[in-house]
Number of protein chains: 2
Amino acid sequence: MNESISNETRDIILDVTEKLIYKSGIAATSMDLLVKTAGVSRKSIYRYFADKDALVVAALQRRDIRWMHWFTNAVDQTETPADRLLNLFTVLKGWFDSEGFRGCAFINTSGETGDPQDPVRLVAKEHKQKLLDYVCELCTEYGAEDPQLLARQLLILIEGAITVALVMGDHSAADNAQCMARKLLGL
Amino acid sequence: MNESISNETRDIILDVTEKLIYKSGIAATSMDLLVKTAGVSRKSIYRYFADKDALVVAALQRRDIRWMHWFTNAVDQTETPADRLLNLFTVLKGWFDSEGFRGCAFINTSGETGDPQDPVRLVAKEHKQKLLDYVCELCTEYGAEDPQLLARQLLILIEGAITVALVMGDHSAADNAQCMARKLLGL
DNA sequence: CGAACAGTAGAACGAGTGTTCTCCTTGGTC
DNA sequence: GACCAAGGAGAACACTCGTTCTACTGTTCG
């Protein structure tokens, strides 16, 4: 009857795929491990997804949506536009300190894939574009002279903090990035 | 006679491994492809390296040394300490625009490996620590109040620019990072 | 009831993986 | 000349990969 009813099995598959990819990367996430972890049969996976590539892309798109929702919601929990811009890095800090933090899934999977035209890379690019657009909105609300330039600079701070936090294990990168953002905003 | 004579075959193997890993990642670099590309036999590879892991680590350590040499040499081609700090990003820009640029090999391979204790991750951490130490030296020469803090902030700008350049394909990230560095240095 | 469907369990297949092996050639060194 | 280490070409092994298949179990609905 209802064609848009949420399919439970499909959701489980996507959930588990998303988690395994984030934890260990695409190559290390075998269909066998997926079957065992999700508790579904191989046939069920191939019923909903043409092949592993399609499954991976769908899982990453799901993570894109969910991460952006979580991030923007958390950042928006402050009053003034200036607070929101600084809050970007406070929320990042909380993410770094959370259990199971493994950096940004999209940076990681981009590094795994050599071909820039690979669907995985395109999803990553779209994700970062969405993040840039969101930051740009905040900059506009803040009343920045050049919101686009400011947003691009803040994005560099965000990506830099994430990368340093992952590779060096230095979670204080969020604080250092926030310190730079403060100077940039003239606060 | 001379025990420290440079071994040509070993060098070729390391060279090709380094290039293939940078181009396509560790998982995509099979021993078979390595044999065909390097024009050496499997036996030769296993004569010099215990297994693939050891080869990968050795190739990454080699890249660490060579990249740092190249980078510091290029950056040091300026007169004043202030110029050198800004030159960090000019050199980065040149790297981004160079043919075959695929981001930072150490960020990429860190994303490929889930386990933080993996030798690959340790090599990456050491590489970024060396880079941080170098930037810290420049900051000290510059006469910064807190060279360590400044260096950590500049490192975030560097890693952020690299990540944005790779994932978004936006090479102007180097310019934007340099712009922020200028503000940070009060120039 | 019975057809249709979503699902599990698991075998099977071909291709690719890292690794080891044998056989052959080459270029020195006692 | 005898020896031996270095290297090449490629077969072979055990394993894992993604993918497909068959056989069986419920559930739903006309």
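Residue numbers begin at 1 in each chain, while the letters A, B, ... track the order of the sequences. What you are looking at is a predicted structure, and each value in this text was computed from that prediction instead of being measured.
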Can you tell me if B:Asp51 and B:Tyr46 form a side-chain donor-acceptor pair at under 3.5 Å?
no
Polar side chain donor-acceptor pair, A:Asp32 to A:Ser30, under 3.5 angstrom
no
Taking OP1 and OP2 of D:dA5, is either one under 4.0 Å from a side-chain nitrogen or oxygen of B:Asn7?
no
Is it the case that the base of D:dT19 and the side chain of A:Arg42 share a donor-acceptor contact (distance under 3.5 Å, atom types as modelled)?
yes
Integer-rounded Å distance: D:dG18 P and A:Leu20 CG:
12 Å
Without decimals, in angstroms, what is the distance between B:Asp32 CG and D:dT16 C1'?
16 Å
Check the phosphate of C:dT8 against A:Ser44, side-chain N and O only, distance under 4.0 Å to OP1 or OP2. Yes or no?
yes
When all nucleic acid strands are considered with a 4.0 Å heavy-atom cut-off, which category describes B:Tyr48: base, sugar-phosphate, or nothing?
sugar-phosphate
Identify, between A:Leu33 and A:Ala50, the residue whose nearest nucleotide on DNA chain D lies closer to the 5' end.
A:Leu33
Take the protein atom CD1 of A:Ile45 and the nucleotide atom P of D:dT20, then report the distance between them rounded to whole Å.
12 Å
Taking 4.0 Å as the cut-off, does a side-chain nitrogen or oxygen of B:Ser30 come that near to OP1 or OP2 on C:dG16?
no
Side-chain N or O of A:Thr9 versus OP1/OP2 of C:dG7: is the shortest distance under 4.0 Å?
yes
Taking OH from B:Tyr46 and C1' from D:dA5, how many angstroms apart are they, rounded to a whole number?
21 Å
Do B:Arg84's NZ or CZ and the ring of B:Tyr142 fall within the cation-pi criteria of under 6.0 Å and 45°?
no
Taking atom types as modelled, find out whether B:Thr80 and B:Asp83 have a side-chain donor-acceptor pair closer than 3.5 angstrom.
yes
Interatomic distance where CE belongs to A:Met31 and P belongs to C:dT8 [whole Å]
13 Å
Rounded to whole Å, please give me the gap between CG in B:Asp51 and P in D:dA14.
20 Å
Nearest-Å distance, NZ (A:Lys43) to P (C:dA9)?
14 Å
Between A:Arg47 (CZ) and C:dG7 (C1'), how many Å, whole number?
7 Å
Kindly assign one of parallel, tilted or perpendicular to the pair B:Phe96 and B:Phe101, based on the angle between their ring planes and the thresholds 30° and 60°.
tilted
